[in-house]
Number of protein chains: 2
Amino acid sequence: MDHKDVTKGGASVPALRRAVAILDHLSETSEELTAADLCRALKIPKSTAHGLLQAMEELGLVIRDPAGRLGIGPRPMRWSSRFLAKSDLVSAFRQHFDRDARLSGYTITLTVLEETEVVYVACSNSSQPLGVTFRIGMRLPAAFTATGKAQLAALPEAEVAARFAGGFPAPLTRYSVRDLAALRAGLDRDRARGFSVDDGETREGMTCLGAPVRNHEGRVVAGLALSLTRSEATAEKVEELGAQLRSAADGISALIGG
Amino acid sequence: MDHKDVTKGGASVPALRRAVAILDHLSETSEELTAADLCRALKIPKSTAHGLLQAMEELGLVIRDPAGRLGIGPRPMRWSSRFLAKSDLVSAFRQHFDRDARLSGYTITLTVLEETEVVYVACSNSSQPLGVTFRIGMRLPAAFTATGKAQLAALPEAEVAARFAGGFPAPLTRYSVRDLAALRAGLDRDRARGFSVDDGETREGMTCLGAPVRNHEGRVVAGLALSLTRSEATAEKVEELGAQLRSAADGISALIGG
DNA sequence: CCCAGAAGTTCAATATATTGAACACGATTC
DNA sequence: GAATCGTGTTCAATATATTGAACTTCTGGG
């Protein structure tokens, strides 16, 4: 068997790859684009884009505003909600915290890493307000968040560097880590400790602890976090909660490991 | 201009339509499926599915577990989170309810109609528990929900009939409307009244009122609903809240109308 | 009012994906 | 241990999507 086929990664089912590229581009761009903009940006011939976008609109993948500008359609929502609901990740997460009352008073969130950001895929906001509510679908720079660090810490150093090659995110608070070197130092500490910490890096006054969730292969597939107000976060409490969080994350990992 | 092109709804860009069908099917099915299951269910030739699934896996649209079973991949999350973040609808919803406190005590939801189902795209859960929490991305049969009815009521009769040609959804409670005839009668009442009602059709003991949200062209693009417990839903209160809901929906329509 | 430019639409030739049949592989059964 | 069933993979012929060029429509300027 040959170890790699050249045609594999390149081009097959171009329509699908184009559609994915279009949706990616639409979600990366802040302003809404016109069909012609897309053609220029993605090097798609006008006529191809025409038929493709028509089908995509029919399928609910994109929507057009009055001016004909394109936006992401609602259809993907049904898939991602299912990804969340079914993905053993979230059910395991819920299951664990329904049983284990020790952590049930805290706000717990689950995110997945995408490039240099984390996307919130589940949260159980605690009764006691934090001043922050996490919303499903919300994204934050991975470098500042506990879950992001937990997931970045599991990547090879070179991969981390590669992801931030395009630039380091702008700080959210005065505590936000400023550059790749500082981030890597933090990741080293986190690896040693077994869980990661965001001490006011995303919001002043809020401390989050994060731990990695792994799949059956040991690959990190999500991050589990626990948020508390800074005043609650005494050194010993952080250690205690961190350990609990780690075991919770391990429990989730075990559940999804089969 | 011809009113309908036969080739339009039928088949174009089959690869994309197949991919969407696969993702839909995966999200509708509770267990994880194997590739062969998909072929049987969707009548896709094995070899076609092979190439398609390979590309879809590469693109992160589907994932395979160790046993080769298929699940929804993480890629759609980035799109739907962007839809949530950027969608005019959702931001208009937020904007409106941040300003207008009249309805702020109630649970308010926003859905979009897809075929015969509604998808929840935004919600502001009230403090007072309803026994039901609406989660973003959740889907319910349009025929039973207030928002679904509000959106169906705006379609031509023939279109409504066409959508349910494949069968009417199974009732969720003993109050759920049972067939197309009853639904249409209900829609007539709703049109006359200006808002629609789900009186225990989705959950016994919960009453919802729904109103349509329109875009610049007057086309209905979403449904806004207010939920309350059945005991709160006296006739006069329903009328009063219904009127307020209608004006809220009109407010949102104005925001997205430009 | 007419014209220039851009965006969008249509169409026939071509390059490409799709498909059924044949082939490998592993599990399960006898 | 041999055979069968189901699954996944490969391949060449065909049916189909893709593409550039020509055409329409619309907006904005002179």
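So that the names make sense, note that chain A is the first sequence line, chain B the second, and so on, each numbered from 1. Values below: every heavy atom of this structure, side chains too, minus hydrogens, waters and symmetry copies.
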**Request:** Would you please confirm or rule out a distance under 4.0 Å between OP1 or OP2 of dT19(D) and any side-chain N or O of R18(A)?
**Result:** yes

**Request:** Nearest whole angstrom, please: distance from the C1' of dT9(D) to the CZ of R64(B).
**Result:** 11 Å

**Prompt:** Has T48(A) got a side-chain N or O lying under 4.0 Å from the OP1 or OP2 atom of dG20(D)?
**Reply:** no

Exercise answer: donor-acceptor pairs, residues 157-164 of chain A side-chain atoms, under 3.5 Å, sequence neighbours excluded:
{"from": "E157(A)", "atom 1": "OE1", "to": "R184(A)", "atom 2": "NE", "distance (Å)": "2.6"}
{"from": "E157(A)", "atom 1": "OE1", "to": "R184(A)", "atom 2": "NH2", "distance (Å)": "2.8"}
{"from": "E157(A)", "atom 1": "OE2", "to": "R191(A)", "atom 2": "NH2", "distance (Å)": "3.1"}
{"from": "E159(A)", "atom 1": "OE2", "to": "R163(A)", "atom 2": "NE", "distance (Å)": "2.8"}
{"from": "E159(A)", "atom 1": "OE2", "to": "R163(A)", "atom 2": "NH2", "distance (Å)": "3.4"}
{"from": "R163(A)", "atom 1": "NH1", "to": "E115(A)", "atom 2": "O", "distance (Å)": "2.8"}

**Prompt:** To the nearest Å, how far apart are R40(B) CZ and dC5(D) C1'?
**Reply:** 12 Å

**Request:** Starting from C1' on dT19(D), measure out to NZ on K43(A) and report it in whole angstrom.
**Result:** 17 Å

**Request:** Respond yes when some side-chain nitrogen or oxygen of S47(A) is under 4.0 Å from OP1 or OP2 of dC11(C), and no when none is.
**Result:** no

**Message:** From CZ of R17(A) over to C1' of dT18(D), roughly how many Å is that when rounded to an integer?
**Reply:** 16 Å

**Request:** Could you check how far CG of L33(A) sits from P of dA7(C), rounded to whole Å?
**Result:** 12 Å

**Item:** Between dT18(C) (P) and Q54(B) (CD): distance, integer Å
**Value:** 12 Å

**Message:** Check this one for me: any side-chain N or O of H50(A) less than 4.0 Å away from OP1 or OP2 of dG8(C)?
**Reply:** no

**Asked** Over how many whole Å does the gap from K46(A) atom NZ to dT25(D) atom C1' extend?
**Response** 12 Å

**Flag side-chain contact, heavy atom, 4.5 Å: T111(B) against Q151(B)** = yes

**Request:** Using atom types as modelled and distance alone, determine if a side-chain donor or acceptor of S253(B) lies under 3.5 Å from a backbone N or O of R214(B).
**Result:** yes

**Asked** Heavy-atom distance under 4.5 Å between the side chains of L16(A) and L52(B), does that happen here?
**Response** yes

